[in-house]
S.K.: 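A single structure is presented below for examination.
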Amino acid sequence: MVEKNKPARRRLPADQSRMLILEATERLLQTQGHDALTVRRVAAEAGMKTPLVHYHFETTEDLLIAFYRYIGEKHRLNIEAALASDRPIHALWDVNTARDAGRLMAEMIGLGHRNEAVRTELATHVEKFRAMQAQAFETALRPHAAAGCTPDAAIFIFTAVTTALIMDRSVGIKAGHEDSIAFVKACIDRLEP
């Protein structure tokens, strides 16, 4: 028997459904961590039934890879905006140390440790974006060529510091942060006054 007063369920376009799923995945990782990430929980967070998530992403691995690409695209846009700014290294520092990215980055790394396909996707993402950011350091380091620091070394050190800050923050560690941040910012100011 059909209920007469029950509203008809609205069907979303496939791309909109996929986006809701990816956004729900991001929220779950931010709030509950990778251990809580199940297709059932993603579906509930997205306000849909589990089979619909499986319709769009056959396996959890497919969902995670699509999620990494979704986050990667957002990160690429942020990096491109930073590189287009008047002070790209300063802007890259802001992008790479954003507080809201900390928990998500920690969880994504955790997922990468547990799944080879996800680990490969993460490595591809990091390599690509380090190369993009190295361009800003190439320009900034040119006048300091005698110092012997290459753009690749500079971006690796820069990324190592920002990643350490993010990882520490994700578990509540603060020791040494203020002094390290002040030191890095002084170095950036020398490269990019």
Side-chain angles (χ1 to χ4, degrees), residues 1-84 91-92 94-133 159-160 162-173:
M1 180 183 274
V2 176
E3 291 182 38
K4 293 182 181 183
N5 294 333
K6 191 172 184 179
R9 201 171 259 255
R10 188 179 70 143
R11 288 191 87 166
L12 297 172
D15 58 339
Q16 193 174 356
S17 291
R18 286 177 61 89
M19 186 58 65
L20 287 174
I21 294 165
L22 296 173
E23 289 169 349
T25 303
E26 182 174 8
R27 284 191 305 277
L28 277 172
L29 282 173
Q30 286 278 23
T31 60
Q32 297 179 33
H34 66 272
D35 288 333
L37 192 65
T38 65
V39 171
R40 184 172 300 193
R41 284 186 176 151
V42 169
E45 181 70 25
M48 56 184 63
K49 295 187 183 287
T50 303
L52 187 55
V53 175
H54 282 296
Y55 172 79
H56 291 289
F57 304 100
E58 194 171 312
T59 66
T60 302
E61 188 172 275
D62 292 339
L63 170 61
L64 293 175
I65 290 170
F67 175 71
Y68 269 70
R69 290 177 181 164
Y70 161 74
I71 292 298
E73 179 61 15
K74 286 171 58 172
H75 193 58
R76 181 187 65 77
L77 294 172
N78 289 335
I79 289 173
E80 286 179 352
L83 291 172
L92 287 171
D94 292 341
V95 166
N96 287 316
T97 59
R99 289 200 180 272
D100 62 339
R103 171 85 191 245
L104 185 59
M105 177 56 79
E107 296 303 330
M108 291 172 69
I109 290 170
L111 284 167
H113 285 294
R114 294 168 48 172
N115 183 296
E116 185 175 345
V118 172
R119 183 172 43 254
T120 300
E121 192 67 32
L122 177 63
T124 299
H125 168 85
V126 170
E127 295 286 335
K128 180 169 103 177
F129 294 122
R130 279 191 189 166
M132 287 175 67
Q133 295 175 78
T159 303
T162 59
T163 302
L165 286 169
I166 286 171
M167 298 303 286
D168 278 7
R169 283 184 194 147
S170 73
V171 294
I173 299 170

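Keep in mind that the numbers below use all heavy atoms, side chains included, and drop hydrogens, waters and symmetry copies.
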S.K.: Closest heavy-atom contact between L52 and S17?
M.R.: CD2-OG, 4.4 Å
S.K.: Could you state the interatomic distance from CZ (F57) to CG (L64), rounded to the nearest 0.5 Å?
M.R.: 10.0 Å
S.K.: Taking the side chain from Y68 and the backbone from M108, do they hold a donor-acceptor pair closer than 3.5 Å?
M.R.: yes
S.K.: If we only count heavy atoms from C-beta on, is the T50 to V42 side-chain gap below 4.5 Å?
M.R.: no
S.K.: Checking K74 against E26 for the side chain to side chain contact (heavy atoms under 4.5 Å, CB included) test, could you report, in this order, the C-alpha distance in whole Å, the side-chain angles of both residues, the deciding distance, and whether it holds?
M.R.: CA-CA 12 Å; K74 286 171 58 172; E26 182 174 8; 3.0 Å; yes
S.K.: Mind checking what makes ring pair (Phe, Tyr, Trp, His ring centres under 6.0 Å) contact with F129, not counting sequence neighbours?
M.R.: H75, H125
S.K.: Apply side chain to side chain contact (heavy atoms under 4.5 Å, CB included) to residues R114 and D35 and explain how you reach the verdict.
M.R.: CA-CA 11 Å; R114 294 168 48 172; D35 288 333; 2.7 Å; yes
S.K.: What's the spacing between E107 CD and T31 OG1 if we round to 0.5 Å?
M.R.: 9.5 Å
S.K.: Can you list every pair that meets salt bridge (Lys or Arg N to Asp or Glu O under 4.0 Å) and has a residue in residues 62-71, with sequence neighbours left out?
M.R.: R69-E121
S.K.: Please step through side chain to side chain contact (heavy atoms under 4.5 Å, CB included) for the pair E80 and M132, ending with a clear verdict.
M.R.: CA-CA 8 Å; E80 286 179 352; M132 287 175 67; 3.6 Å; yes
S.K.: Ignoring hydrogens, what is the shortest heavy-atom contact between E45 and A24? Give both atom names and the distance.
M.R.: CG-CB, 3.6 Å
S.K.: What heavy-atom pair brings N96 and T162 nearest, and what distance separates the two atoms?
M.R.: O-CB, 3.6 Å
S.K.: Hey, what do you get for CG (L63) to OG1 (T38), rounding to the nearest 0.5 Å?
M.R.: 10.0 Å
S.K.: Between E73 and R76, is the closest basic N to carboxylate O distance under 4.0 Å?
M.R.: yes
S.K.: Nearest 0.5 Å, please: how far is CG in L122 from CD1 in I71?
M.R.: 12.0 Å
S.K.: Considering all heavy atoms of both residues, which atom of R119 and which atom of G112 are nearest to each other, and what is their separation?
M.R.: NH1-O, 3.0 Å
S.K.: Is a side-chain donor or acceptor of R41 paired with a backbone partner of L28 at a separation under 3.5 angstrom?
M.R.: no
S.K.: Considering all heavy atoms of both residues, which atom of A46 and which atom of L20 are nearest to each other, and what is their separation?
M.R.: CB-O, 3.8 Å
S.K.: So N115 and T60, do their side chains get closer than 4.5 Å, heavy atoms only?
M.R.: no
S.K.: Would you give the length of the straight line joining atom CG of L29 to atom CZ of F67, rounded to the nearest 0.5 angstrom?
M.R.: 5.0 Å
S.K.: Just to verify, what does H34 make a ring pair (Phe, Tyr, Trp, His ring centres under 6.0 Å) with, not counting sequence neighbours?
M.R.: none
S.K.: To the nearest 0.5 Å, what is the distance between NE2 on H54 and OG1 on T59?
M.R.: 9.0 Å
